[in-house]
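First up is the structure itself, then whatever we jot down about it.
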Amino acid sequence: MPSDSPPPTADASPPIGRLELVEYPHPALARPARALAQIDDELCDAVEQMFEIMYAANGIGLAATQVALPYRLFVVNVEGRRDAGEELVFVNPVLSRPRGVAVQEEGCLSLPGLRMDVRRPERVCVEAWSLDGAPFRMDLDGLLARVVQHEYDHLEGRLFTDRLPDAAALEARRMLDSFREVFHGRQSRGELPTTAAMLERLAHLEAARCVPATGSA
Ligand code: NI
């Protein structure tokens with residue numbers, strides 16, 4: 001191969017482009033996101049889009065997996081408005097020191113219309129990197145602790161419906177079934193890409209910015 005050839009992965013990395021909220025059961029929501037190895041301009045633009053999408057949907061938190069980006073990244077603003085509160089970006093977050101128990105109703109932009117009581121630790125610590133690569137640590141309680149844990153679950157491929165007690169899980173199951181029917185209907189009408197195409201894009205986006213998977217982990 002001549003030395004001036006582009007690296008073999010250059011054409012395999014699709015640009016992030018315009019992002020959209022994805023709903024259950026999009027495959028991006030079901031698989032663990034991968035740690036980011038680099039933050040580039042395109043990713044910063046993606047974070048900007050994520051805040052816009054979150055505000056437009058009246059959300060207070062949004063994980064990258066909810067816009068079909070397979071990255072360990074989420075954004076939060078508990079005020080839910082551009083002109084209020086603080087815009088927080090968590091890159092490669094790690095949670096620790098869960099304490100206490102709290103039950104509070106949650107919803108999710110990827111499960112529109114579904115709201116249920118969810119039990120979680122009341123307080124938790126989070127360590128993460130900001131978008132400019134600075135590490136930070138926060139000791140959280142209240143709404144911020146809840147939102148951060150909800151968004152962190154997204155990075156693990158989990159939804160709040162995975163945390164419900166049996167009776168509530170049964171009720172949620174019916175809603176999830178109808179979400180699945182709508183999703184597959186949209187796919188069969190060509191309004192959404194095929195699941196194979198979605199998975200292919202996720203793999204390309206991972207290859208472009210993530211730490212390569214090692215060993216059998
Ligand atoms: Ni959610």
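The analysis underlying the following values was restricted to heavy atoms, covering all of them including side chains, and did not include hydrogens, waters or symmetry mates. Residue indices begin at 1 and follow the sequence shown. Everything numeric here is computed off the predicted structure, so don't read it as measured data. For ligands, and for the atoms within them, numbers begin at 1 and follow the listed sequence.
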Basic-acidic side-chain contact under 4.0 Å: Arg18, Glu20: yes
Stepwise salt bridge (Lys or Arg N to Asp or Glu O under 4.0 Å) check, Glu52 with Arg82: CA-CA 8 Å; Glu52 289 300 335; Arg82 170 75 74 192; 2.5 Å; yes
Ring pair (Phe, Tyr, Trp, His ring centres under 6.0 Å) between Tyr152 and Phe90, intermediate numbers included: CA-CA 10 Å; Tyr152 184 86; Phe90 299 82; over 10 Å; no
Metal site the Ni ion (ligand 1), protein N/O/S atoms found under 2.8 Å: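 Under the 2.8 Å cut-off, the count stands at 3.
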Nearest-0.5 Å distance, [atom1] of residue [X] to [atom2] of residue [Y]:
X	Y	atom1	atom2	value
Glu151	Asp153	CD	CG	9.0 Å
Thr65	Leu73	OG1	CG	9.5 Å
Arg115	Cys108	CZ	SG	10.5 Å

